Amino acid sequence: MCNFCPKSLVCIDKAISLHSFKLNVQKILRYSIMEKSFISFVENSIKKNWDLDALTDYKGATLQYKDVARKIEKLHIIFENSGVVKGDKIAICGRNSSHWGVVFLATLTYGAVAVPILHEFKADNVHNIVNHSEAKLLFVGDMVWENLNEAAMPLLEGIILVNDFSILVSRSEKLTYSREHLNELFGKKFPKNFRIKHINYHKDQPEELAVINYTSGTTSYSKGVMLPYRSLWSNTQFGFDVLPLKSGDELISMLPMAHMYGLAFEFLYEFACGCHIYFLTRMPSPKIIFQAFAEIKPRIIIAVPLIIEKIIKKNVLPKLETPTMKLLLKVPFINDKIKHTVRDQVVKAFGGNFEEVVVGGAAFNQEVEQFLKMIEFPYTVGYGMTECGPIICYEDWKRFKAASCGKAVPRMEVKIVSPDPANIPGEILCKGDNVMLGYYKNPEATAEVMTSDGWLRTGDLATIDEDGNVTIKGRSKNMLLGPSGQNIYPEEIEDKLNNMPYVSESIVVQQNGKLVGLVYPDFDDAFAHGLKNEDLEQVMEENRVALNQELPAYSQIAKMKIYPEEFEKTPKKSIKRFLYQEAKG
């Protein structure tokens, strides 16, 4: 403590200055939370991480944060000089890549509305989305462009190749001029080099429209989900709240960025955090994924269940099914040693450097989940939907309750519409900052899912325990009625069926009052064991009999039908069930 002396006024002045500084810092932090600005996350990360690696196309080029900023400015020049104004729609359709990410960030930081389109969509669907969204520009990947017809998208003023930003189609002299003279225009705008001080982006408002994301659901066709900036901010803030990443951490983007799960948690949060993101620009097969895991050693892994399930069921579980291994697992001390050995092998397969694996997007196979829990593998299962940009529920892996999907995340409320929510499944309703504005140009569909007081009807059925853990039971639209009005959840039957011999994936549908199991067999495994096609018919009948022994009478399978190829899926790798409801049994 300072006694009174001639210097004490200086001490007091310094103390006041320090106190003022702390108050200003606290004020800034409070303001950044209160203003809910997503763009400030992007702007601050670019400034803070200027010289760090930002985006890499796996086995290709790397962009540092300053390179991303430079490319964003060049795209802004193209937008400005070709007549794009704030609020205009800019569509992006192509495989994940560094340039895909740059286009998305450039669109939002300019004040335009991004319309991400899945590159797996058929050409007609892409045309329809571009037209329905009234997009002014379309950025497209080379493989997607081969199948498109520019004449089917008359509202576009230009089509630009994502790979190098070259113009494929221009219906505007201003667009053509701005691209041809881009370097000259950039030089005029920044005559003394482009620096951090020049970063000054669009000031977003919480309720302002940021993204129109067209869903590809399991129960219906595409609808344009309108996500405001508060949803992007809240999902990104959730990352800062609970996910263990810091500036310079490396991770892999495997999920399509045109889907909100991959966009929010393999790109936007990580970019805001200052991470180095690697894009698997090719189809992410298990072989490519594990090669990337071994090389990059990501700090966190975001995945859909199908990827995890294939790895565990193909590479791990078979080794534990041998007679010797089954015997050893019954001996307590050896059992623990085997568990630790298996856990170490699985962790190593995922790169060995991750904090946790976050699984979401679809239901998790219970056998695989029980195995991961047994070996104390650091995984957790989240729950969300495009309409919430996407997160609704989550829990850290150390506190995660098996078979659940966590608890309501910060800034979100969840309730179950049921007379007994702990025991009787009811529809999940949610409310909060993450929830969409509605469906674009579709007030009828919006009214079906949004209540007058702001609750979103998810269409999913679940229970919730006294601690707030939510356990999904299925989709309300998928729920079937038994002969005496019993509720049948096909997903629960499919989960058991998928664990039976030579079953790769399945759907249970109701036809003429009977339940039919549609099965895509694991042909590779069957043929490796000497089975022929006609043998599979008998195997599936044996599976049906064995399955029915585990099911109550009202939910037993009457017939099995073999499908020769994989079922068509959404980006989350959920089967598009609505395509198979009328399948001939």
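For the numbers below, each heavy atom of this structure counts, side chains included, while hydrogens, waters and symmetry mates do not. On a predicted model such as this, the values are computed, not experimentally measured, just so you know.
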Hey, are [Y] and [X] close enough side-chain-wise for a donor-acceptor pair under 3.5 Å?
{"X": "Ser97", "Y": "Asp57", "answer": "no"}
{"X": "Tyr201", "Y": "His76", "answer": "no"}
{"X": "Gln237", "Y": "Tyr269", "answer": "no"}
{"X": "Ser82", "Y": "Ser178", "answer": "no"}
{"X": "Glu295", "Y": "Tyr58", "answer": "yes"}
{"X": "Ser231", "Y": "Asn434", "answer": "no"}
{"X": "Asn44", "Y": "Ser40", "answer": "no"}

Sidechain-backbone polar pair: [X] side chain, [Y] backbone, donor-acceptor under 3.5 Å:
{"X": "His127", "Y": "Met153", "result": "no"}
{"X": "Arg299", "Y": "Asn353", "result": "yes"}
{"X": "Asn498", "Y": "Ser506", "result": "yes"}
{"X": "Glu568", "Y": "Leu579", "result": "no"}
{"X": "Asn96", "Y": "Phe279", "result": "no"}
{"X": "Asn442", "Y": "Gly224", "result": "no"}
{"X": "Tyr110", "Y": "Val84", "result": "yes"}

| query | Phe350 and Phe290: aromatic ring centres closer than 6.0 Å? | reply | yes
*Kindly state whether the ring of His132 and the ring of Tyr214 have centres lying under 6.0 angstrom apart.*
yes
Any salt bridge between [X] and [Y], counting N to O under 4.0 Å?
{"X": "Arg411", "Y": "Asp241", "result": "yes"}
{"X": "Asp88", "Y": "Lys136", "result": "yes"}
{"X": "Lys174", "Y": "Glu80", "result": "no"}

Open item on the list: Walk me through whether Asp67 and Arg70 qualify under salt bridge (Lys or Arg N to Asp or Glu O under 4.0 Å).
Closed with: CA-CA 5 Å; Asp67 301 321; Arg70 180 181 293 270; 5.5 Å; no
Side chains of [X] and [Y], heavy atoms from C-beta outward: is any pair under 4.5 Å?
{"X": "Leu263", "Y": "Trp100", "result": "yes"}
{"X": "Tyr383", "Y": "Asp460", "result": "yes"}
{"X": "Leu161", "Y": "Phe139", "result": "no"}
{"X": "Val103", "Y": "Phe165", "result": "yes"}
{"X": "Leu137", "Y": "Leu175", "result": "yes"}
{"X": "Ile301", "Y": "Met254", "result": "yes"}
{"X": "Met436", "Y": "Leu456", "result": "yes"}
{"X": "Glu565", "Y": "Tyr563", "result": "no"}

- Give the C-alpha distance, both sets of side-chain angles, the deciding distance and a yes or no for ring pair (Phe, Tyr, Trp, His ring centres under 6.0 Å) between Phe377 and Phe354. CA-CA 11 Å; Phe377 185 78; Phe354 61 93; 5.7 Å; yes
Margin query: With a 6.0 Å cut-off (strictly less than), is the heavy-atom count around NZ of Lys48, excluding the residue itself, greater than 12?
Written below: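 No, NZ of Lys48 has 12 or fewer neighbouring heavy atoms, counting only those of other groups under 6.0 Å.
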Enclosure of Lys441 NZ (heavy-atom neighbours >12, cutoff 6.0 Å):
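Enclosed.
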Indicate the atoms forming the closest heavy-atom contact of [X] with [Y], along with that distance.
{"X": "Cys273", "Y": "Leu245", "result": "SG-O, 3.5 Å"}
{"X": "Glu134", "Y": "Leu155", "result": "CA-CD1, 4.3 Å"}
{"X": "Ile302", "Y": "Glu266", "result": "O-OE2, 3.0 Å"}
{"X": "Asn131", "Y": "Ala152", "result": "ND2-O, 2.9 Å"}
{"X": "Leu268", "Y": "Phe104", "result": "CD2-CE2, 3.8 Å"}
{"X": "Cys388", "Y": "Met412", "result": "SG-CE, 3.9 Å"}

Derivation of the salt bridge (Lys or Arg N to Asp or Glu O under 4.0 Å) call for Lys297 and Glu250: CA-CA 7 Å; Lys297 296 180 172 33; Glu250 297 184 320; over 6 Å; no
- I would like to know whether Asp53 and Tyr65 meet side-chain hydrogen bond (donor to acceptor under 3.5 Å, both in side chains); could you show each step before the answer? CA-CA 6 Å; Asp53 291 341; Tyr65 278 84; over 6 Å; no
Run the numbers on His276 and Tyr278 for ring pair (Phe, Tyr, Trp, His ring centres under 6.0 Å), then give the verdict.
-> CA-CA 7 Å; His276 181 189; Tyr278 289 80; 4.3 Å; yes
In a table with atom names and distances, give each donor-acceptor pair under 3.5 Å that connects a side chain of residues 181-196 to protein atoms at least two apart or in another chain.
from, atom 1, to, atom 2, distance (Å)
His181, ND1, Tyr177, O, 3.0
Asn183, OD1, Lys74, NZ, 3.0
Arg195, NH1, Lys192, O, 2.8
Arg195, NH2, Lys192, O, 3.2

Practice task
Take Arg577 and Glu494, measure what salt bridge (Lys or Arg N to Asp or Glu O under 4.0 Å) needs, and give me the verdict at the end.
Solution key: CA-CA 12 Å; Arg577 310 180 71 93; Glu494 292 156 7; 2.6 Å; yes
Pair Tyr394-Phe238, ring pair (Phe, Tyr, Trp, His ring centres under 6.0 Å): steps then yes or no:
CA-CA 10 Å; Tyr394 171 88; Phe238 160 80; 5.3 Å; yes
- May I have the step-by-step check of ring pair (Phe, Tyr, Trp, His ring centres under 6.0 Å) for Phe41 and Phe240, ending in yes or no? CA-CA 11 Å; Phe41 280 140; Phe240 282 107; 5.3 Å; yes
>> Tell me every residue that passes side-chain hydrogen bond (donor to acceptor under 3.5 Å, both in side chains) with Lys86, counting only those two or more places apart in sequence or in another chain.
In response: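 Result, side-chain hydrogen bond (donor to acceptor under 3.5 Å, both in side chains) vs Lys86: His202.
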**OP:** May I have all residue pairs that pass side chain to side chain donor-acceptor pair (under 3.5 Å) and include part of residues 145-157, sequence neighbours excluded?
**Re:**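 Not a single pair qualifies under side chain to side chain donor-acceptor pair (under 3.5 Å).
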